[in-house]
Protein chains: 2
Amino acid sequence: MLVTQKKQYALRALFELARRSDQAPIKSSEIAEAQAIPPRFLEVIMAKLKRSGLVISKRGFHGGYLLARPPADISVADLFTALDEKDRPEACSACVGKSTCPFMKNCVFMPLWEEAHNAVERVFGRTSLQDLLDRDQAPS
Amino acid sequence: MLVTQKKQYALRALFELARRSDQAPIKSSEIAEAQAIPPRFLEVIMAKLKRSGLVISKRGFHGGYLLARPPADISVADLFTALDEKDRPEACSACVGKSTCPFMKNCVFMPLWEEAHNAVERVFGRTSLQDLLDRDQAPS
DNA sequence: AAGTTTCTCGATCTTAATAGTCGGGAAGAC
DNA sequence: GTCTTCCCGACTATTAAGATCGAGAAACTT
């Protein structure tokens, strides 16, 4: 999978928060229900998003989650890189850790992996939550 | 991983074939050694490349593998799609198989996954084995 | 203050995909 | 005929992803 289930869940969750960004904090369980996400799993996802500063949490009776920034200021790439840090370009498996690499210090493939990585980063970098909201309002 | 180990092995194998495309058939074991690939694993990879028509095989004493087409006519994308057929854009996990999908028939995310998928396809589609060879000759 | 409600944390389990192995068989060269 | 190489299918192992659970800490309510 190019985009893991977890990332898709996370995106849907943020989308749900964005959609109701005027309202009071939204409970994890509400989001889970609205977006058909396993509730317990969503909890761990939200916790991570909290730690990485994308959302703000409030505990207690009227607790829940809020976006930390306006939807236009959160890109899909922000989310993805927040979710897992080891999201860099492919390393050429032959060049890593082995002295048997046939392309010492001049790997032919690295540039290719980087290109690919950058290509998807650009797509996700230029799409914000607001963009997704807009698409929702005006179905093309 | 954006590009699995298997695909990287396969690419390196094809690269090795391209590099010596003037010569007689090259044994799987030779390729394995030259590119530091687990020999037994490479066999299954080569078999698949054979079946999908990217390489030609010859059995017996002076047997081995040859590229089926000139290096300039084989793109990295050709290889990857040959290796696994289920290499399409991400499906929105909420939309698939469930009637619980919150975005009935108007998914906001699908276009995004498609964009990303196309972006990497384009990178791999425009890079041929010959391109890689050239990079090897003239290190920038 | 007592009692909910909700987030928070860490460990754990399950499942699926990837990576890699093995033994034996068939085609071709010498 | 025998040696070499590709060929095939089943099998095992390792890892990453997906998901669950129980108990604890903050916060609100009455």
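Letters A, B, ... mirror the listed sequences (proteins, then strands); counts begin at 1.
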Quiz item: With a 3.5 Å cut-off and just heavy-atom distances, do the side chain of A:Arg40 and the base of D:dG18 make a donor-acceptor pair?
Solution: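 No, the side chain and the base share no sub-3.5 Å donor-acceptor pair.
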Quiz item: Under 3.5 Å, is there an N or O donor on one side and an acceptor on the other linking the side chain of B:Glu43 and the base of D:dC6?
Solution: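 For B:Glu43, whose side chain was compared with the base of D:dC6, there is no donor-acceptor pair (under 3.5 Å).
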Any idea which of [options] is nearest the [X] side chain?
X: A:Ser28; options: C:dT21, D:dT20, C:dC7; result: C:dC7
X: B:Phe61; options: C:dC30, C:dA19, C:dT21; result: C:dC30
X: B:Tyr65; options: D:dC21, D:dC6, D:dC28; result: D:dC6
X: B:Lys27; options: C:dT21, D:dC6, D:dT20; result: D:dC6
X: A:His62; options: D:dC28, D:dA19, C:dG20; result: D:dC28

Self-check item: DNA chain C: 5'-proximal contact among B:Phe41 and A:Ala47 (nearest heavy atom)
Solution: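 Final value for this comparison: A:Ala47.
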Quiz item: What is the minimum heavy-atom distance between B:Leu112 and A:Arg135, and which atoms define it?
Solution: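 So the two residues come closest at N-NH1, 4.0 Å.
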Quiz item: So how far is it from B:Arg12 CZ to B:Ile45 CD1, rounded to the nearest 0.5 Å?
Solution: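 Here the interatomic distance stands at 9.5 Å.
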Quiz item: Is the CZ atom of B:Arg69 crowded by more than 12 outside heavy atoms at less than 6.0 Å?
Solution: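 Result for CZ/B:Arg69: enclosed.
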Examine [N]: is either OP1 or OP2 under 4.0 Å from a nitrogen or oxygen in the side chain of [X]? Give yes or no.
X: A:Ser57; N: C:dT8; value: yes
X: A:Lys58; N: D:dC28; value: yes
X: B:Lys50; N: D:dC6; value: no

Exercise. Return the 5'-most residue of the pair A:Lys6, B:Met46 with respect to DNA chain D, ranking by each residue's nearest nucleotide.
Key: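 It is B:Met46, whose closest nucleotide lies nearer the 5' terminus.
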For [X] and [N], give me the distance from atom [atom1] to atom [atom2], rounded to whole Å.
X: A:Gln8; N: D:dG18; atom1: CD; atom2: P; answer: 9 Å
X: A:Arg51; N: C:dC9; atom1: CZ; atom2: C1'; answer: 8 Å
X: B:Lys7; N: C:dA17; atom1: NZ; atom2: C1'; answer: 13 Å
X: A:Phe80; N: D:dA17; atom1: CZ; atom2: P; answer: 14 Å
X: B:Arg59; N: C:dA26; atom1: CZ; atom2: P; answer: 10 Å
X: A:Ile45; N: D:dA17; atom1: CD1; atom2: C1'; answer: 11 Å
X: A:Glu30; N: C:dT5; atom1: CD; atom2: C1'; answer: 13 Å
X: B:Gln5; N: D:dA16; atom1: CD; atom2: P; answer: 11 Å

Quiz item: For B:Asp134 and B:Gln130, does a side-chain donor sit closer than 3.5 Å to a side-chain acceptor?
Solution: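 Side-chain D/A pair, B:Asp134 to B:Gln130: present.
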Quiz prompt | A:Trp113 and B:Phe124 aromatic ring geometry - parallel, tilted or perpendicular at 30°/60° bounds | solution =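 The arrangement is perpendicular - the two ring planes meet at more than 60°.
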